[in-house]
Protein chains: 2
Amino acid sequence: MMTDLERKRLLYKIARAYYDDSLTQQQIGDRFGLSRVKVSRLLREAREDKVVQIMIASPLGSNADLERHLEDAYELKEAIVVTCSSLKTGVIVNELGRVGAACLARCLQGHEVVALSWGTAVLSVVNALPSLDLPDVRVVQFLGGLGEVEAETHGAELARRMAQALGAKPRLIQAPGIVKDKVIHDALVTDPQVTDTLELAARADVALVGIGVFEPGSTLLSSGSTLTAAEIKELKANGVTGDIALQFFDADGRKVDHPINERIVGTDLERIKGIKRVIAVAGGAEKRSAIRAALRGRLINVLVTDDHTAKWLLE
Amino acid sequence: MMTDLERKRLLYKIARAYYDDSLTQQQIGDRFGLSRVKVSRLLREAREDKVVQIMIASPLGSNADLERHLEDAYELKEAIVVTCSSLKTGVIVNELGRVGAACLARCLQGHEVVALSWGTAVLSVVNALPSLDLPDVRVVQFLGGLGEVEAETHGAELARRMAQALGAKPRLIQAPGIVKDKVIHDALVTDPQVTDTLELAARADVALVGIGVFEPGSTLLSSGSTLTAAEIKELKANGVTGDIALQFFDADGRKVDHPINERIVGTDLERIKGIKRVIAVAGGAEKRSAIRAALRGRLINVLVTDDHTAKWLLE
DNA sequence: TTCATTACTGAACATATGTACACAATGACG
DNA sequence: CGTCATTGTGTACATATGTTCAGTAATGAA
């Protein structure tokens, strides 16, 4: 009753009217004597039959493909791949910080709780943050302070500065990140100031984290830290590939059980995983395996990294 | 605060998520940390900036361009241009009938009033009509019968056959289309059977008409008709270029006032113009000027014609 | 400094769109 | 000649979308 050509012709006309002339389906129906529902179905058919083709131009100089593949491969909400001008860790971290900051700022609307870990990657994001005025936003530490108290990579300092940049309220943890033994840990955890803050962090809307590794140059090792060489060796022997906010995980991103966990004043990995938007900023060859582990374990859902690392993560 | 490349990248991602992955704007918002409204605006921006391009493939072998230009030039709801295999009037009319029938059938839903004129073009549509079952549709004549009563181009016969094909109810006008003088006309018009039917025709949802000309071969002239050669000559002298259902119009499609109008038992041109969907089926070189006149006067809003005529109408 | 202008925002609303459903028509197959 | 699956239909509804609006920040001119 309707030849193939006639049908195609109709599909063409309707598609044209809809997409080019932006008529509503109702208007198209009135015009061609069809019910609105039929127009809807014909439009679907036109898309399916490729009478309508929608092309999306990937911006030049972006790594759109890499990003998309990463998103698909690791179920990320978003991957941002930056083409870095150098392979030096310092340069990479700096450039990642810029886009990480934009990515973080983009999703702040005014009433969020933002949790953060510590480290150079987080620092570079904080440094690149635009100054905003979000008085109802709260910036919370994921874990107690680490590193030299005066250093700018110190957790409390980072949280304070981020809050300042955002015009937001900081919520600090007045305790170290690692304590000597379980007794001290348990004592600290009875302090409502500490527990309330950790509770708030666990319920954060957005998290900004780095990914830690036990490699020679890492901040954790060089920060005159409370973690001894022996302890680190033992953690590695237990399969620890990396950490996020001192929550240690293996090559598949699974939490590694170890007594040292009982000395960490911080937010449990499972609770971090439950946060809607966990933005990890990490790049450079040293971190590859740890990043892959975090991705495999679905510990994060937004990754900001460099192009070399991205390629490696996909091979 | 957001570089141009970052913005483009965002547009790309959002466009991709929307058009390729068919996420809703809400889902995209949740994923990228944006409000739904913002996603809506970014998508618009992506279309405007040609990050998203929508291409519609015109079916091969169709005259999509011609049709579109006709629609634009004459404010048509639809133009259908058929590439005819011959220039012979008979062949053209036949092929137009096929697509005209599809076009008519397409817009019948079940409760319409369909009005029709007469002539070979209308006949060929009626012949090509699929058989349907639309008991609540009514088929009404625009004007009294014309031509030999037994001939299949006769108005009443056409209406009857169309009604039969559609499984619909015919509503015939038991009177001639042209009468001898105004007295007879006025007498007929007091007959409620006639006036009610004409009233119904004027309120039709869809109309199917041919376009008449006073050329040597035309049906009107050769039908041993009630219109004398002298009358025709006079009409032409008055600027009549063509007719639709015996409503005469000039080269601009304006009604031509002439005493002969008072002898026509039919529906006034203005009322025909008011019908939502007036489908004209007409082609061939002889009818060019008349078709153009009807188009100029916006007397019809759907035109089914051949490619040669279409080109001529656009030059 | 002040003030006007502009650009952005999300909430609330009005529209537009997709889809589940019931129902009718068709055609294949026993 | 049923009867079963298939196809196609519009209605009614749930959802998705675009847009107006009022409020607020950013910008720039006086």
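In what follows, chains carry the letters A, B, and so on, assigned in the order in which the sequence lines appear, proteins first and then strands, with residues in each chain numbered from 1.
Between the CD atom of B:Glu112 and the P atom of D:dT9 there is a distance of 14 Å, given to the nearest Å. Nucleotide C:dA24 holds its C1' atom 14 Å from the CG atom of B:Asp136, rounded to whole Å. Spacing between atom CG of A:Leu132 and atom P of C:dC8 amounts to 15 Å, rounded to whole angstrom units. Going from atom CZ of B:Arg36 over to atom P of D:dT20 covers 14 Å, rounded to whole Å. Computed from coordinates, the A:Leu166 CG to D:dA25 P distance equals 16 Å when rounded to whole Å. The CD atom of A:Gln26 sits 11 Å away from the P atom of D:dT11 (whole-angstrom rounding). Between the CZ atom of A:Arg7 and the P atom of D:dT7 there is a distance of 13 Å, rounded to whole Å. Remark: P of D:dT24 and CG of A:Asp133 are 12 Å apart, rounded to the nearest angstrom.
Listed nucleotides: C:dA16, C:dA12, D:dG10. Nearest to the side chain of A:Thr24: C:dA16. Nearest nucleotide to the B:Val37 side chain, out of D:dG10, D:dT17, C:dA11: C:dA11. For A:Ser35, whose side chain is taken as the heavy atoms from C-beta onward, the closest listed nucleotide among D:dG10, C:dT17, C:dT9 is D:dG10. Side-chain proximity of A:Lys38 to the nucleotides D:dG18, D:dT9, D:dT19 is greatest for D:dT9.
Contact between the side-chain N/O atoms of B:Gln25 and the OP1/OP2 oxygens of D:dT15 is not found at any separation under 4.0 Å. Within the 4.0 Å cut-off from OP1 or OP2 of D:dT17, at least one side-chain nitrogen or oxygen of B:Tyr18 is found.
B:Thr197 and B:Gln141 form no side-chain donor-acceptor contact under 3.5 Å, judged by distance and modelled atom types alone.
Nearer to the 5' terminus of DNA chain C, by closest-nucleotide assignment, is the contact made by A:Leu23 (compared with the other of B:Ser131 and A:Leu23). Comparing B:Leu43 and A:Leu34, the nucleotide of DNA chain D nearest to each residue sits closer to the 5' end for A:Leu34.
Here B:Glu48 does not pair with B:Arg41 in a salt bridge; the nearest charged N to carboxylate O distance is not below 4.0 Å. Comment: A:Glu112 does not engage A:Lys276 in a salt bridge, judged by the lack of any side-chain N to carboxylate O separation of less than 4.0 angstrom. Between B:Arg160 and B:Glu157, at least one side-chain nitrogen of the basic residue sits less than 4.0 Å from a carboxylate oxygen of the acidic one, meeting the salt-bridge criterion.
A:Ala159 and A:Val139 make their closest contact through O-CG1, 3.7 Å (heavy atoms, listed as atom of the first residue, atom of the second, distance).
A:Arg41 comes within contact range of at least one nucleobase, with a heavy-atom separation under 4.0 Å.
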